[in-house]
Asker: 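Before I ask anything, let me first share the structure, which is written out below as structure tokens.
Values reported hereafter were calculated over all heavy atoms of this structure, with side chains retained and with hydrogens, waters and symmetry mates removed. As the structure is a prediction and not an experimental result, all values here were calculated from the model.
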Amino acid sequence: MNNKMRLHYSLLFLSFFFLQFSVAQSFSGGKTEQQIEQEAFTFFDGENFINALPLYQELINVYPQDPEYNYYLGVCQVEVNENIKEAIQHLKIASTKNVNASVPYYLGRAFHMNYEFNSAIRYYRKFREYYKKKSIGIDRLIEMCQNGLPLVNSYYVVDVKNKKVVNRSEFFRHYDIEGFEDRLSKKDKSLTSRYDGEGDKEVACLANKGQYIYFSSYGKNKKTGRDLYRAKRLRNGGWGEWEALNSLNTVYDEAYPFMSNDGRTLYFCSQGHTSMGGFDIFRSVYNEISDTWSEPQNMGFPINSTSNDLFFATDLNDEYACFTSSRENGKDEVTIYKIKLADYPEQKVVMNPDLLSNIAILNVGSSNVDGNLFEQGAEEPSYSMKYNKEDFPYFNFPVTSELTYHYLNEFKSSEAREIFIEAKNDQFNSDSLIDGTEDLRSQLNGLEGMPHNVLANKISKLEQKSFELSKQAENKLLKAQSQESDYLNKNIIGTVTAEVHAPSSKGQLVMSSEIIPSTNSRSGAKIVNKTEDGYVYHLQVGVFSNRAESGFFSGLDDVKEEIVGNGKLYKYMVGIYSTFADAKKKIPEVRQLFPNAFVVAYKDGIKTSLSTAIKATDQDYKPEPQPVAAVVNTKAIQTVTDDHVNFRVQVGAYSGEVPEDVKLKLENFSKYPIDYSKDYRGYTICTVGNFDSYSKVSKLKMELREAGLVDAFTVAFSDNDKITIQQALEILRQ
């Protein structure tokens, strides 16, 4: 896509949104969330996506499900061509709410860049339908995706000899092939129209021993974009009349023509013909007898990609060639590839479409890499069954949005459990292969010639196998999740949903998280929905995907039902208390029936923040001293004063003794408070650290994961009561 078209769509709807939060959450550099957001949007609005990206990443770290932050971050990643697979996930979250009308467009672009052409077409069409105006640009993007579908069914094996990243400006000055500079010429005034600007495209190619010159220009008008022309040298040394290469030109841009040393084979790049994204490189052969050009032939994948692929040039003997692409780069840089040409390039069928983006990354010495993982007869790495039913570690496996399993015996479906075990073993073997490649890479230093190529090929195959296993594990986890949800739906609760529902007028964004067990009793607590005036407190016991019978709350008073999620979910609270202190006293009693119960505040029937409510109703409230249970090191847990909220990292929950390997790994973190305490089930909960900042605890979490405690996750507490991360951040924002 050319710059004009890209800017047109990337800025089309920016005037529709500017969201400002009034919060005081601290971020890195001592800035508040509001300051970070305003700075990020200033960069975004000025199309400085590179500087905007890390700021939105910081906001996402605190608010991972915020649709608007996900939108901005996804757009930045697409615009700078960074982490496209991650951008897809961010934009999908943005699509759950009406954040911006351009979400389908950017989702289309992200899928397009990731070679997922069918998905890209679907979102491009969705954007076009919403826009309700005929858009040649979107229509062309859809055509490019349709062009790409057959092009990536197979790929050519490319022997890459060298690659280097250079500035986009006059990139061709870095081409390193024999005779290239001798055939390069700058267009003089006789070869420039009044529409042509300065820049890279003003370069021209001399051919047929200097008797012809090939170049691109807007010509006498700009209606068909840049077109290809040639001119014949006159006796006085000047150039004759322009001859348009009409059979090669389209209504889109053509540029960078280069005539091979044979005087007949012309390489050029075009946004038209069968391009699958941006500029593709084409080849056409001139027939001097008939004075005609053959139909332009796409150079194929992976010479061409979904990014801009430019200026294919060959040496004097047609032995080597150079071309340029932006597939691995951001806005201001490109990569130059030097490849060895083959008389009959080897072509292979793509067996795994998930590897297309990997195949497109052309690495030096990758001529023998199969992109379909292992060739028949190649040495297969050993597969280890590390995990089994008898000795399976603690894990975090989300079945629905907030229903998470930690132990195998929590699975209700035996089939789902088996698939989950297989997935964990696939991921273990994938990680083992990556560890093995790091050892092999250290052996590459000093090797040359065939030994180097053989080892490099082996490393490439191991990396591809690792990728396949990782993707296989990901798919199996999704299958296990689906299988377990289906089993719960059919045999236990009727309906389990993992969808994010829109907020109700009186609630916040809610996800279905609890399961209501069936009950045959219809006697029990009376459900009332009377609205109380002023500030009141309740104990929230759950949000359910199906309505509870009154017998479910037997023994509890003042049960309140609130319908949320556009009428699809039912939130239940118990008790009516005038102060936070009174509500808190009831927590131990209610948790005997509902272990996850917590205090919520309402004002005039509308949910409000605990911090605001406490300041209004409990002016003299003082939290009880927080008990410290079985601390491993001697450092005492410090009391946090910011509304009594603190963050820790939970590394495990153990039914028996804490494993020795866990204790050994935690020795490296002895500078932090380490706590072992029992929960209501009798499990030992191990947490590390005690922070008043979410960003600080996030850093510790990553350090623990890198140390081998891969299931570490952040938890939050208000006083000694466990609360959700969202609730903790809400309190801190007051």
Side-chain angles (χ1 to χ4, degrees), residues 1-16 47 71 74-75 78-79 81 84 87-88 91-92 94-95 98 100-153 195 216 218-219 221-228 246-255 268-282 295-301 304-310 326-327 353 356:
M1 182 186 297
N2 60 28
N3 290 335
K4 181 178 179 182
M5 187 184 304
R6 183 185 67 190
L7 291 176
H8 173 71
Y9 288 107
S10 64
L11 297 177
L12 189 58
F13 294 99
L14 289 183
S15 61
F16 291 153
E47 299 179 51
Y71 167 75
V75 171
V78 169
E79 290 292 346
N81 190 18
I84 298 303
I88 292 173
L91 291 167
K92 281 184 175 180
S95 69
N98 189 23
N100 191 280
S102 62
V103 170
Y105 167 72
Y106 278 104
L107 264 172
R109 278 192 62 187
F111 279 118
H112 191 163
M113 295 167 73
N114 202 45
Y115 301 91
E116 298 179 66
F117 296 120
N118 285 319
S119 295
I121 291 171
R122 184 170 67 254
Y123 281 101
Y124 281 147
R125 287 173 175 169
K126 184 179 295 186
F127 174 75
R128 184 178 60 185
E129 291 169 5
Y130 183 91
Y131 192 40
K132 297 186 184 302
K133 291 184 179 180
K134 183 173 178 60
S135 171
I136 295 177
I138 288 295
D139 290 341
R140 180 54 186 161
L141 288 173
I142 293 174
E143 289 176 0
M144 285 181 170
C145 290
Q146 292 169 335
N147 292 337
L149 287 169
L151 285 174
V152 297
N153 284 332
Y195 297 106
S216 67
Y218 282 111
N221 59 66
K222 301 177 69 172
K223 291 183 179 180
T224 59
R226 283 187 171 272
D227 287 331
L228 301 178
N246 291 325
S247 60
L248 307 183
N249 293 325
T250 68
V251 295
Y252 305 101
D253 282 352
E254 279 75 39
F268 65 96
C269 58
S270 172
Q271 292 180 328
H273 299 296
T274 58
S275 169
M276 65 174 159
F279 282 100
D280 271 16
I281 298 170
F282 295 86
E295 182 177 352
Q297 178 186 358
N298 191 300
M299 293 287 287
F301 178 73
N304 287 317
S305 67
T306 55
S307 300
N308 286 319
D309 304 297
L310 309 166
S326 62
R327 71 188 71 182
L356 287 172

Asker: Does some side-chain heavy atom of Arg128 sit less than 4.5 Å from a side-chain heavy atom of Ile142?
Answerer: yes

Asker: Are the side chains of Phe268 and Ser216 in contact, using a 4.5 Å heavy-atom criterion?
Answerer: no

Asker: Are Tyr115 and Phe301 near enough that their ring centres are under 6.0 Å apart?
Answerer: yes

Asker: Would you give the length of the straight line joining atom CD1 of Ile88 to atom OG of Ser119, rounded to the nearest 0.5 angstrom?
Answerer: 8.0 Å

Asker: Does Asn249 offer a backbone N or O that forms a donor-acceptor pair with the side chain of His273 under 3.5 Å?
Answerer: no

Asker: Search all heavy atoms of Ala87 against all heavy atoms of Val78 and return the closest pair with its distance.
Answerer: CB-CG2, 4.1 Å

Asker: Quick one: does Asp280's side chain get under 4.5 Å of Ser270's, heavy atoms only?
Answerer: no

Asker: side-chain contact (heavy atoms from CB on, under 4.5 Å) for Val103 and Phe127? Distances and angles first, verdict last.
Answerer: CA-CA 8 Å; Val103 170; Phe127 174 75; over 6 Å; no

Asker: Who passes side chain to side chain contact (heavy atoms under 4.5 Å, CB included) against Ser326, sequence neighbours left out?
Answerer: Arg168, Ser307, Asn308, Val334

Asker: Working to the nearest 0.5 angstrom, can you tell me the gap between Gln271 CD and Asp253 CG?
Answerer: 5.0 Å

Asker: Is a donor on one side and an acceptor on the other found under 3.5 Å between the side chain of Asn81 and the backbone of Arg327?
Answerer: yes

Asker: Are any of the side-chain heavy atoms of Cys145 and Tyr124 separated by less than 4.5 Å?
Answerer: yes

Asker: Any non-hydrogen side-chain atom of Ile121 less than 4.5 Å from a side-chain atom of His112?
Answerer: no

Asker: Please name the pair of heavy atoms, one in Ala110 and one in Leu91, separated by the smallest distance, quoted to 0.1 Å.
Answerer: CB-CD1, 4.4 Å

Asker: Does a side-chain heavy-atom distance below 4.5 Å link Leu149 with Phe117?
Answerer: yes

Asker: Please identify each residue that fulfils side chain to side chain contact (heavy atoms under 4.5 Å, CB included) with Ser247, with sequence neighbours left out.
Answerer: Trp293

Asker: Does any part of the side chain of Tyr218, heavy atoms only, come nearer than 4.5 Å to the side chain of Asp227, both counted from C-beta?
Answerer: no

Asker: Whether the side chain of Ser275 engages the backbone of Gly278 through a donor-acceptor N/O pair (distance < 3.5 Å, no angle test) should be reported.
Answerer: yes

Asker: Roughly how far, to the nearest 0.5 Å, is CG of Asn298 from CZ of Phe282?
Answerer: 4.5 Å

Asker: Can you tell whether the side chains of Arg109 and Glu79 come within less than 4.0 Å, N to carboxylate O?
Answerer: yes

Asker: Could you check, using the six-membered ring where one of them is a Trp, whether Phe111 and Tyr123 have ring centers closer than 6.0 angstrom?
Answerer: yes

Asker: Considering residues, nucleotides and ligands other than Gln146, do more than 12 of their heavy atoms fall under 6.0 Å from its CD?
Answerer: yes

Asker: State the CD-CZ distance between Glu254 and Arg226, to the nearest 0.5 angstrom.
Answerer: 11.0 Å

Asker: Taking side chain as C-beta onward, heavy atoms only, is Leu107 less than 4.5 Å from Arg122?
Answerer: no

Asker: Supply the atom-to-atom distance Leu151 CG to Thr306 OG1, rounded to the nearest 0.5 angstrom.
Answerer: 11.5 Å

Asker: Say you draw a straight line from CG of Leu356 to CD of Glu116; how long is it, rounded to the nearest 0.5 Å?
Answerer: 9.0 Å

Asker: If you look only at pairs with a residue in residues 141-151, which of them pass as a salt bridge (charged side-chain N to carboxylate O under 4.0 Å, His left out), with sequence neighbours excluded?
Answerer: Arg140-Glu143

